[in-house]
Amino acid sequence: MRVLVLGSGGREHALAWKIAQSPELTQLLCAPGNPGTAGLAENVSVNAEDPAAVVALARSRRVDLVVVGPEAPLVKGVADELRRAGIAVFGPDARAANIEGSKAFAKEIMTAAGVPTAAFRTFEGDPAGAEAYARQQGRIVVKADGLAAGKGVVVARSAGEAVAAVRELSRTGAGARLVLEELLEGEEISMIALCDGERFVLLPPARDHKRVGDGDTGPNTGGMGAFAPVKGLLPGLVEEVGRTVIAPTLAELARRGMPFRGALYAGLMLTAQGPRVLEFNARFGDPETQVLMLAVEDDLLPVLDACARGTLAQTPLTVAPGVAVGVVVASEGYPAAPKTGDRIDGLESLPADVVVFHAGTRRQGTQLLTSGGRVLTVCARRDTADEARRACYEAIGRLRIRGMHFRRDIGASARG
Ligand code: GLY
């Protein structure tokens, strides 16, 4: 099978790494890819957000399956255009991807499907109304409706913070419409379902670490690390998420004529009343994917292909033993003002059983340099989370990047 992976981050490197192990693969292309994917695949320069350019590339290279990593190409209709051209694609059409592109649409789907989620109110072009509601509620979550590169959600713990968040977000393009929702407490997990429009299989539960600092402090980031599987959850919880969240969401989208074929990511709060959806994404999570690709034993290529073609057999995936941990190494100044262009040294001295996924890297001659905020995800799977963490941090100790920083508590909340 000839496969094209779209995107250039750590998530796409991890997908390419997993797909490259499949006996069904004959050729792997990444567009645009990164220096990490260049070691596994042929990187092809293309604007991944230009539907016509992606279709032309897939046609000219006789690609059998396109796997779309990021949300932007999905929202721009890349999957629609590929499907119209008769090319199998793992990734939803733009209308279904709107479950991530619009928080208000996601809430509408959840309400119609009876999916458990936080109570909410939507304010369109009414910042004064939103401000009054925020002041009255105090502790509340303020969300800009549209895509905001991870900066569209503020968890406000007082009326002052809530009002400031409404003012701040309503100034952004994504915040013309605001969703204000109940602040839920509990343990957070990410559950990703691989879907064929009707049926799905679940990847093991994962946990992301979104804040920049240890102990979940400091500003939000794209994600500073993850681990999977999350062990010690209530018996039956994973099945409950499938039954009460994923299945009704897929059914509601299909009923509206927008079947979801791709990775449906549910960010969940495990409250005392049961799991509640915090957000949906229309794609694999980053950095969850980096650890999930180590945590799943099966060949995922036939599963992704079956999702794309609407022929998924709902055989549960086999979870690999132990726990996979991934620690993101970020460049100086991330997330506010990342510095780029610094040398990355020491990668060649890492043990073979530590897997490093590239994100913000580029080659200049033979030297690897930083080119973005999140530079690498250093991953290891071991029998226990503690051993996996130790392997990651020992490996990071061998890396030399001026000004690099990383969280030291990734996976510390893992049980088992
Ligand atoms: N890890 C969160 C996300 O991918 O949006």
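Ligands are counted one by one from 1 in listed order, and the atoms in each one are counted from 1 as well. Treat the numbers as computed from the prediction; the structure is a model and nothing was measured.
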Can you name the one residue among Arg276, Lys107, Glu182 that meets side-chain hydrogen bond (donor to acceptor under 3.5 Å, both in side chains) with Thr117?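 Checked Arg276, Lys107, Glu182 against Thr117; only one passes side-chain hydrogen bond (donor to acceptor under 3.5 Å, both in side chains): Lys107.
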Under a 4.0 Å heavy-atom cut-off, what residues line ligand 1?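 Protein residues near ligand 1 are Asp208, Tyr265, Asn281, Arg283, Gly285, Asp286, Glu288.
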With Lys18, the side-chain contact (heavy atoms from CB on, under 4.5 Å) member among Asp298, Thr289, Leu300: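 The option that passes is Leu300.
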Residues that Arg408 engages under side chain to side chain contact (heavy atoms under 4.5 Å, CB included), provided they are two or more places apart: Asp214, Phe406
Regarding Ser8 and Asn34, do their side chains bring together a donor and an acceptor under 3.5 Å, going by distance alone? no
Checking Asp216 now: which residues fulfil salt bridge (Lys or Arg N to Asp or Glu O under 4.0 Å) with it, not counting sequence neighbours?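 Result, salt bridge (Lys or Arg N to Asp or Glu O under 4.0 Å) vs Asp216: Arg407.
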Residues which pass ring pair (Phe, Tyr, Trp, His ring centres under 6.0 Å) with Phe120, listed by chain and number, not counting sequence neighbours: none
